[in-house]
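Here's the structure, in structure tokens; my notes come after.
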Amino acid sequence: MKKTVQLFWGRQFVIDLYIGIFLFSFFLYMFEKSFSVLFVWLLPSIVFGNIIPLVYLITHFEMICGFFGFSN
């Protein structure tokens, strides 16, 4: 890990991961308004990376669209 972070692409990867996790956490709290739900989704996101927000989007798609006013 120490060697990877010293490389340019390693820093880009880490920055992308943390920005993705921060944005996911921000929007998740905005939608759910619960710290317990936030931590339940945040822990796998830290372990598995940015694939977990995709799973959240797929499982909560209608709620997210309704939140932004795109419901049928």
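All values below were derived from every heavy atom in this structure, side-chain atoms included, with hydrogens, water molecules and symmetry-related copies excluded. Given the structure is predicted, the values throughout are model-derived calculations rather than measurements.
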(message) Clusters formed by hydrophobic residues whose side-chain heavy atoms approach within less than 4.5 Å: which one holds Phe8, and what are its other members?
(response) none
(request) Output all residues satisfying side chain to side chain contact (heavy atoms under 4.5 Å, CB included) with Leu38, sequence neighbours left out; order by chain, then residue number. (result) Ser25, Leu28, Phe35
(message) For residues 36-50, which residue pairs pass the side-chain hydrogen bond (donor to acceptor under 3.5 Å, both in side chains) check, not counting sequence neighbours?
(response) Ser34-Ser36
(request) Report, as yes or no, whether the 6.0 Å neighbourhood of atom NZ on Lys33 holds more than 12 heavy atoms from other residues, nucleotides or ligands. (result) yes
(request) Check which hydrophobic residues are tied to Ile15 through side-chain heavy-atom contacts below 4.5 Å, counting indirect links as well, and list them. (result) Ile19, Phe22, Leu23
(request) Verify the cluster assignment for Phe26 and Ile21: are they in a single hydrophobic cluster under the rule of side-chain heavy atoms below 4.5 Å apart? (result) yes
(message) Do Phe27 and Val40 sit in one hydrophobic cluster, given that two such residues count as connected whenever their side-chain heavy atoms are within less than 4.5 Å of each other, even indirectly?
(response) no
(request) Verify the cluster assignment for Val37 and Phe31: are they in a single hydrophobic cluster under the rule of side-chain heavy atoms below 4.5 Å apart? (result) yes
(message) Enumerate the side-chain hydrogen bond (donor to acceptor under 3.5 Å, both in side chains) contacts for residues 10-21, please, sequence neighbours excluded, ordered by first and then second residue.
(response) none
Taking only distance into account, with no hydrogens and no angle test, what donor-acceptor pairs under 3.5 Å do side-chain atoms of residues 51-69 form with protein atoms, sequence neighbours excluded?
from  : atom 1 : to    : atom 2 : distance (Å)
Tyr56 : OH     : Glu32 : OE2    : 2.6
Thr59 : OG1    : Val55 : O      : 3.0
Thr59 : OG1    : Tyr56 : O      : 3.2
His60 : ND1    : Tyr56 : O      : 3.3

